[in-house]
> 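Just passing along the structure, written as structure tokens.
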Amino acid sequence: MSQEKIITRGPEFFPNIPRINYEGSDSKNPLSFKWYNPVQKVGGKTMKEHLRFAISYWHTMQGEGRDIFGNPTVVRPWNTASDAKQRAADTANAAFEFFTKIDAGYYCFHDADVIEEAGNLRESNERIDFIVGILEELQTETGIKLLWNTTNLFSNPRFMAGAATNPDASVVAYAAAKVKKMLEVGSKLGAENYVFWGGREGYETLMNTDMQRELDHMAKFLFGAVDYAKKIGFDAQFLIEPKAMEPSKHQYDHDAATCLNFLREYGLMDYFKLNIEANHATLAGHSFEHELTVASNAGMLGSVDSNRGDVLLGWDTDQFAIEFYDTARAMIVILNQGGLGSGGLNFDAKLRRGSTDLEDLFIAHIGSMDAFAVGLLVAEKYLARHKEILANRYNSFDSGIGEQFESDNIDFEAFENHALNNPEPVTISGKQELLENEFNGILNDVMKAA
Ligand code: XUL
Ligand code: CO
């Protein structure tokens with residue numbers, strides 16, 4: 001009824017913010033890139049092609065400065081209309097103004113980010129169709145693409161005890177219906193990936209949880225999604241996003257190794273890759289670099305949710321990644337596997353609660369885009385050295401007993417024979433501090449050259 005009144009194109013929401021340009025590292029303009037130069041070539045590809053930045057709709061457009069103890073600290077001008085469709089249309093316009101001004105090629109969203117759910121599934125789907133029509137037009141007008149979409153199966157109380165792993169079959173059916181809709185949306189908007197983050201797929205206590213049955217259900221559910229995507233010709237890369245805890249005490253997709261084990265056990269390896277998030281790695285007691293390496297070694301590193309945690313806080317703070325050391329170590333893993341393919345670097349990151357100016361949204365993304373540009377430049381310079389260090393350290397496996405071991409799996413008698421007839425092994429330094437200093441030297445060279 002209110003639909004006739006909806007204005008699908010409105011005024012600018014960031015009238016005082018120009019398009020952000022590269023001005024070089026000497027620039028003092030906070031609204032400029034210091035290191036991220038989208039057109040600069042690094043090893044044959046532009047920075048923009050390497051980094052494939054995506055903006056997250058949930059933090060950047062819908063973040064309100066809420067935390068578990070506090071109410072929102074900001075009201076965004078695009079979020080004030082009383083009508084849900086009008087609010088969604090305004091938000092979409094503001095979003096694409098932001099994406100264009102920050103010069104990101106991609107964006108990502110959950111269904112619940114782009115339009116508020118209605119009271120029933122039919123009406124929610126009708127609302128989604130409304131906003132997807134607008135998003136499709138905005139994508140065509142701006143050339144901005146959808147890196148991935150996903151389904152929010154964790155906010156609404158119906159998913160309190162899980163979505164695919166809910167003990168109530170009617171909730172599993174509801175979750176599947178919502179995923180089905182979002183696969184159709186992904187297909188319509190040309191999403192390059194589709195993400196499964198199992199926010200409520202886990203448990204609070206084994207006193208009421210049949211873990212085996214729930215994991216079987218999760219696998220069946222994922223097969224159902226694979227089949228439906230195939231049926232509608234949606235050929236996006238499917239991604240699982242590991243996270244150890246929060247909101248559940250134990251989440252089934254605990255870390256990269258756990259996810260790989262699950263995918264292998266159920267025969268899902270061919271259909272999925274992993275979306276590795278920095279702050280989720282640290283919640284699992286790993287470094288970002290570790291999780292990226294585990295995924296990459298298995299040929300399963302598909303995309304990245306870029307952010308950082310806080311060493312003093314034990315929860316998912318989703319801060320913007322700004323440490324050059326971390327971005328460089330991450331980019332080494334990414335370059336080493338030849339890039340992220342259809343994946344990218346999605347800013348699953350939000351402003352601190354006290355950063356309440358509209359321009360802070362730009363400043364935060366600029367800082368992190370610059371940090372990844374520096375990381376890319378360091379990685380490009382360091383990768384060959386990294387490979388050389390590893391090759392040298394393991395070179396005893398390139399000949400003699402080491403080579404035999406790697407190629408034939410020789411028996412223990414041959415090992416004993418070798419050990420008895422050779423001098424005692426001598427200790428060989430791992431040179432960690434030397435390598436760390438060398439790495440800092442390369443970082444320093446990159447900063448000086450910029
Ligand atoms: C939650 C999280 C999600 C996923 C998408 O910690 O990272 O936003 O990225 O559902
Ligand atoms: Co994430």
Side-chain angles (χ1 to χ4, degrees), residues 52-64 66-68 95 106-114 117 146-156 159 162-165 175 178-179 181-183 185-186 191-202 218 221-222 225 236-256 258-259 272-284 286 288 291-292 295 301-310 313-321 330 340 343-351 365 368:
R52 297 169 60 83
F53 289 127
I55 309 298
S56 78
Y57 220 94
W58 54 103
H59 288 311
T60 300
M61 306 319 300
Q62 301 292 11
E64 301 175 304
R66 211 186 275 278
D67 75 10
I68 45 168
Y106 294 91
Y107 73 115
C108 300
F109 67 83
H110 305 77
D111 47 359
D113 310 328
V114 290
E117 252 191 298
L146 185 55
L147 185 70
W148 52 259
N149 65 320
T150 185
T151 314
N152 181 325
L153 300 174
F154 42 89
S155 295
N156 190 294
F159 300 122
T165 63
K178 285 184 91 59
V179 170
K181 180 70 184 170
M182 287 306 276
L183 293 172
V185 166
E192 298 189 19
N193 306 272
Y194 183 87
V195 164
F196 290 84
W197 171 60
R200 302 283 171 188
E201 314 295 18
M218 193 156 86
F221 189 97
L222 294 176
Q237 174 65 55
F238 276 12
L239 300 168
I240 301 244
E241 184 172 320
K243 184 172 182 181
M245 62 195 76
E246 195 203 56
S248 304
K249 170 177 111 167
H250 175 89
Q251 301 220 187
Y252 290 137
D253 297 329
H254 187 87
D255 61 1
T258 310
C259 288
F272 286 84
K273 284 189 175 175
L274 303 183
N275 184 39
I276 298 296
E277 177 163 328
N279 205 166
H280 295 181
T282 49
L283 283 176
H286 303 305
F288 183 28
E291 287 291 84
L292 292 171
L301 173 57
S303 200
V304 170
D305 266 14
S306 137
N307 59 17
R308 77 181 206 274
D310 185 299
L313 298 175
W315 65 88
D316 198 14
T317 61
D318 283 346
Q319 287 165 247
F320 283 86
L340 288 170
L345 297 174
N346 167 48
F347 289 111
D348 194 353
K350 62 185 174 197
L351 294 175
H365 284 85
S368 203

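Numbering of residues begins at 1 and proceeds along the displayed sequence. Atoms within each ligand, like the ligands themselves, are counted from 1 in listed order.
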> Please verify the inter-ring angle class for His110 with Trp58; under 30° counts as parallel, over 60° as perpendicular, anything in between as tilted.
perpendicular
> Check the side chains of Tyr194 and Thr151 for a donor-acceptor pair under 3.5 angstrom, ignoring hydrogens and angles.
yes
> Can you say whether the rings of Tyr107 and Tyr57 are parallel (under 30°), tilted (30 to 60°) or perpendicular (over 60°)?
tilted
> Could you please tell me which protein N, O or S atoms lie under 2.8 Å from the Co ion (ligand 2)?
Glu241 OE2, Glu277 OE1, Asp305 OD2, Asp348 OD2
> Just how far is it from atom CG of Asn346 to atom CG of Asp305, taken to the nearest 0.5 Å?
4.5 Å
> With a 4.5 Å cut-off on side-chain heavy atoms, are Phe272 and Leu222 touching?
yes
> Do you know which two heavy atoms are closest between Val195 and Thr150, and how far apart they sit?
O-OG1, 2.6 Å
> Measuring from Met182:CE to Trp148:CH2, what's the distance to the nearest 0.5 Å?
10.5 Å
> Using the ring of each side chain (for Trp, its six-membered ring), is Tyr252 parallel, tilted or perpendicular to His250, with breaks at 30° and 60°?
perpendicular
> Listing by chain and number, which residues have a heavy atom under 4.0 Å from ligand 1?
Trp58, His110, Trp148, Trp197, Glu241, Lys243, Glu277, His280, Asp305, Asp316, Asp348
> Could you tell me whether the side chains of Asp348 and Asn307 share a donor-acceptor contact shorter than 3.5 Å?
no
